[in-house]
Amino acid sequence: MAFDLITIPCLKDNYAYVLRDHASGEVAVIDVPEAAPIKAALAQHGWTLTQVWLTHHHWDHVDGLADLLAEHPAKVVGASADAHRLPDLDIAVAEGDRVALGSLEAEILDVSGHTVGHIAFYVPGAAACFTADSLMALGCGRLFEGSPAQMWGSMQKLMALPAATTICSGHEYTASNAKFALTVDPENAALISRAKDIETARAKGIPTVPTKLSTELATNPFLRPADPGIRATLGMPTASDADVFAEIRKRKDTF
Ligand code: ZN
Ligand code: FE
C-alpha cells in the first residue's frame with residue numbers, strides 16, 4: 001500500500017482518521033474531535049501533520065483544532081459554504097474541487113443533509129471516503145439542517161463510488177444502528193450476520209469503522225429504499241426511493 005490509514009477513537013464515541021501518503025510523507029487528519037489522541041498517534045508513528053480536513057462545523061468534529069495546530073501547524077481544508085461557521089480555513093473547497101495530499105488526491109463531494117455544507121473527502125488513490133456524519137456504518141446522520149430529499153441525494157452520490165471503497169464515518173453508533181436496521185429489514189441475512197459481528201466487536205471494544213461501501217449497500221437500510229423487503233415492511237411498495245428513505249429516517253428519529 002502506498003498509504004497508511006489509521007482510525008483514532010476520540011471523546012465518547014467520535015472517530016478521527018489519519019491518512020499518510022508514503023511517496024511524500026504528507027499526513028492529513030480528518031476531523032479533530034479532540035487533540036490529545038491525534039497528537040499521541042502522530043508522536044507514536046513519528047509523523048509530521050501537514051493538513052487538516054474538516055467535514056462539517058459541529059463542535060465534536062472541530063473542537064480540538066486549535067490545540068492540535070498549536071503543536072502541529074498544518075493547512076486547514078473545509079467547505080467554502082461553511083467558512084463563516086468553521087474555524088479559519090487555509091483552503092476553502094466545494095463539490096468537484098480536488099485537494100492534493102502528496103501523490104494522493106481527495107475529491108470533494110457535497111453530502112449535505114446532517115448539516116447543509118457537510119462535505120466528504122473521496123480519495124481514489126486510497127480507495128477511501130471520509131463521510132463523517134453523512135453515510136455512517138449501518139446508518140446516516142440525523143437531519144439537523146437538510147431535507148430527507150437532500151440527504152437521499154447525498155447517499156446516491158456515495159452509492160455511486162466503487163463498491164470496494166472504505167467508508168470512514170464519524171461515530172461509533174453502529175450497535176444501535178443495527179438494532180434499528182433490523183426493525184425495517186428483519187429478513188436480510190447479511191444484516192442479521194453483521195449485527196452479530198458488531199455485537200462481538202463492541203463487546204471487545206473494537207471499533208466497527210471503517211467499513212466497506214459493498215457492506216453498506218448490502219445491509220444499511222438508508223442505502224436500500226429500493227429493496228422490496230424493506231418496502232414490504234414499511235407498507236410502501238410503490239413509493240419513490242426518496243419517500244421510502246424519508247420514512248426510514250423518520251422512524252430512526254423516534255427509535
Ligand atoms: Zn455532526
Ligand atoms: Fe458528529
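Residue numbers start at 1 and run along the sequence shown.
- In this structure the side chain of L19 reaches within 4.5 angstrom of the side chain of I30, judged on heavy atoms.
- For the atom pair CG (D82) and OG (S112), the distance works out to 7.5 Å, reported to the nearest 0.5 Å.
- Under the 4.5 Å side-chain heavy-atom criterion for Ile, Leu, Val, Met, Phe, Trp and Tyr, M136 and Y15 are members of distinct hydrophobic clusters.
- By the neighbour-count criterion of 12 heavy atoms within 6.0 Å, atom NZ of K157 is densely surrounded, having more than that number from other residues, nucleotides or ligands.
- A salt bridge is absent between E26 and R20; no separation between the charged side-chain nitrogens and carboxylate oxygens falls under 4.0 Å.
- Open room surrounds CD on E187; 12 or fewer heavy atoms of other groups in view lie less than 6.0 Å from it.
- Applying the 6.0 Å contact sphere to CG of D253 captures more than 12 heavy atoms from other residues, nucleotides or ligands.
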Query - Candidate pair T200 and D197, rule side chain to side chain donor-acceptor pair (under 3.5 Å), full reasoning - result: CA-CA 5 Å; T200 308; D197 293 346; 5.4 Å; no
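- No more than 12 heavy-atom neighbours from other residues, nucleotides or ligands sit within 6.0 angstrom of CD on E199.
- In this structure, F222 and F180 have parallel ring planes: the angle between them is below the 30° cut-off, well short of the 60° mark.
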Query - Stepwise salt bridge (charged side-chain N to carboxylate O under 4.0 Å, His left out) check, R194 with E216 - result: CA-CA 10 Å; R194 186 179 181 193; E216 297 308 317; 2.6 Å; yes
In a table with atom names and distances, give each donor-acceptor pair under 3.5 Å that connects a side chain of residues 114-127 to protein atoms at least two apart or in another chain.
| from | atom 1 | to | atom 2 | distance (Å) |
| --- | --- | --- | --- | --- |
| H114 | ND1 | R142 | O | 2.9 |
| H114 | NE2 | H56 | NE2 | 3.4 |
| H114 | NE2 | H58 | ND1 | 3.0 |
| H114 | NE2 | D133 | OD2 | 3.2 |
| T115 | OG1 | H118 | N | 3.4 |
| H118 | NE2 | H56 | ND1 | 3.3 |
| H118 | NE2 | D133 | N | 3.1 |

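- A side-chain contact (heavy atoms from CB on, under 4.5 Å) with L223 holds for exactly one of T219, D227, N220; it is N220.
- Checking side-chain atoms of E34 against main-chain N and O of L11 turns up a donor-acceptor pair under 3.5 Å.
- A salt bridge links E247 with R251: the closest approach of a Lys/Arg side-chain nitrogen to an acidic carboxylate oxygen falls below 4.0 angstrom.
- Side-chain heavy-atom separations under 4.5 angstrom define the hydrophobic clusters, and the remaining members of the one that includes V76 are I6, I8, V18, V27, V29, V32, I38, L42, W47, L49, V52, L54, V62, L65, L68, L69, L86, L89.
- Using a 4.0 Å cut-off between a side-chain N of Lys or Arg and a carboxylate O of Asp or Glu, K12 and D60 do not qualify as a salt bridge.
- By the side-chain contact (heavy atoms from CB on, under 4.5 Å) test, S240 pairs with A242, D243, sequence neighbours left out.
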